[in-house]
Amino acid sequence: MTFENLLYDCSDGIATVTVNRPKALNALNEATLKELLCLFTGLKDEAAVKVVILTGAGEKAFVAGADIAEMQPIDAVTGRQFALLGHQLAATIEDLPKPVIAAVNGFALGGGCELALCCDIRLASENARFGQPEVNLGVIPGFGGTQRLPRLIGKGLACELLMTGDMINAAEAYRIGLANKVLPAAELLPAAGKLAVKIASKGPIAVSFVKSALRDGLETDLTRACSHEADLFGLCFATADQKEGMLAFLEKRPAKFAGK
Ligand code: CAA
């Protein structure tokens, strides 16, 4: 796959997607959003890919937000369309039946923080900075920040970040649960790779059901969510992976999952 604003690599079941506009700190213009949407849509049916790592090019930024130069002159209708494009991308990443790990290697601001928020796991380098600085620009987050941030870190902390536009460092992001782990910059991608390999070694259908149970369950009441979990648990027993996983345990050997 070749793109103007993205780099793509896939080996041993792990795809790495790199937003590649380092001169603009990987800001998301419309073209980059469309490329990300196209790539993540295609990954759904890419059997060779089990886990995806999403990161930014260069040493300074994951993604420093939506592209301010491109947004500055647009009108209300175009602004809404731009936000809907960001939402479509976020939903596509959340609906992808494979885990997506954000390797946050610097600034993750505005749309960049929102991009990290729709990933399943966030690892941060020590120089990572998170924030929703939209109020500094006279706007609000447009790619889901007002919704996903409070769902992840709680309403009060999210409110403070969203209303002040303050940036927080990696240690603070870890403390409040925005980052799962903080690593020295040089260790970020190797750590993301190691985590991806570990997850890729598990039953892929079970891993995708975990993602589905979390995604759908957290958006509904506990009774329905638990019913959905029971449905998915039952469905596991229709897979060869369940037979193999449990047999392998009983035979005291590693399981060989076929993803079937
Ligand atoms: N859009 C467009 N260009 C951007 C950008 C963005 N979000 N962020 C940085 N850049 C560009 C700068 O304009 C600069 O370009 P030039 O070299 O051509 O001047 C280049 O990237 C390097 O940036 P700086 O010189 O500013 O680097 P710095 O180290 O001094 O500061 C920074 C880094 C604090 C991240 C600063 O660039 C910054 O504040 N960027 C904007 C962050 C922001 O407000 N993001 C939210 C955007 S709105 C949004 O995302 C809405 C939404 O939810 C959809």
Side-chain angles (χ1 to χ4, degrees), residues 3-7 17-38 40 54-94 102-119 122 124-153 155 157-173 178-179 185 188:
F3 296 96
E4 198 183 325
N5 302 304
L6 305 177
L7 301 173
V17 179
T18 306
V19 180
N20 187 32
R21 298 186 73 216
K23 282 188 185 149
L25 301 187
N26 304 322
L28 299 173
N29 57 7
E30 188 184 341
T32 308
L33 283 173
K34 286 185 170 164
E35 287 189 354
L36 282 166
L37 182 59
C38 170
F40 275 97
L54 178 61
T55 192
E59 290 167 7
K60 220 172 148 181
F62 172 70
V63 166
D67 191 311
I68 299 169
E70 192 178 76
M71 283 186 294
Q72 195 278 334
I74 66 177
D75 62 17
V77 172
T78 313
R80 183 168 183 276
Q81 282 166 348
F82 188 60
L84 290 176
L85 178 61
H87 283 291
Q88 198 184 347
L89 170 63
T92 301
I93 292 173
E94 284 183 335
V104 180
N105 57 319
F107 292 111
L109 303 175
C113 188
E114 292 166 299
L115 187 61
L117 282 168
C118 67
C119 295
R122 284 152 294 283
S125 61
E126 284 169 349
N127 68 326
R129 298 287 179 276
F130 295 79
Q132 297 285 166
E134 285 87 348
V135 287
N136 295 328
L137 302 166
V139 294
I140 69 167
F143 299 164
T146 62
Q147 302 308 309
R148 290 190 182 87
L149 191 62
R151 281 166 170 75
L152 186 66
I153 66 170
K155 188 178 170 192
L157 285 170
C159 202
E160 190 176 334
L161 284 175
L162 290 161
M163 287 182 176
T164 63
D166 280 352
M167 259 190 252
I168 56 169
N169 64 22
E172 178 66 357
L178 182 46
L188 179 67

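Only heavy atoms go into these numbers, but all of them, side chains included; no hydrogens, no water, no symmetry mates. Whatever order the structure lists ligands and atoms in, that order sets their numbers, starting from 1. Just so you know, these numbers come straight off a predicted model, no measurement behind them.
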Worksheet entry | Pair T18-N20, side-chain donor/acceptor within less than 3.5 Å | no
Fill in: Cationic N near anionic O, under 4.0 Å, E94 to R148
yes
Discussion item. With rounding to the nearest 0.5 angstrom, report the CZ to CD distance, R21 to E4.
Written reply: 9.0 Å
Item to complete: Keeping the roles fixed (side chain from E35, backbone from N5), state whether a donor-acceptor pair exists under 3.5 Å.
Response: yes
Worksheet, complete the sentence: On a heavy-atom basis, the closest approach of T146 and P141 is CG2-CD, 3.9 Å
Worksheet item: How far apart are the closest heavy atoms of A128 and V104, and which atoms are they?
Response: CB-O, 3.6 Å
Note down each nitrogen or oxygen pair, ligand 1 side and protein side, whose separation is under 3.5 Å; give only atom names and the distance to 0.1 Å.
residue  : atom   : partner : partner atom : Å
ligand 1 : 1 (N)  : A66     : O            : 3.4
ligand 1 : 1 (N)  : I68     : N            : 2.9
ligand 1 : 7 (N)  : A64     : O            : 3.1
ligand 1 : 7 (N)  : A66     : O            : 3.0
ligand 1 : 21 (O) : K23     : O            : 3.4
ligand 1 : 27 (O) : K60     : NZ           : 3.4
ligand 1 : 29 (O) : K60     : NZ           : 2.7
ligand 1 : 45 (N) : A64     : O            : 3.0
ligand 1 : 50 (O) : A66     : N            : 2.8
ligand 1 : 50 (O) : G111    : N            : 2.8
ligand 1 : 53 (O) : E114    : OE1          : 2.6
ligand 1 : 53 (O) : E134    : OE2          : 2.7
ligand 1 : 53 (O) : G142    : N            : 3.0

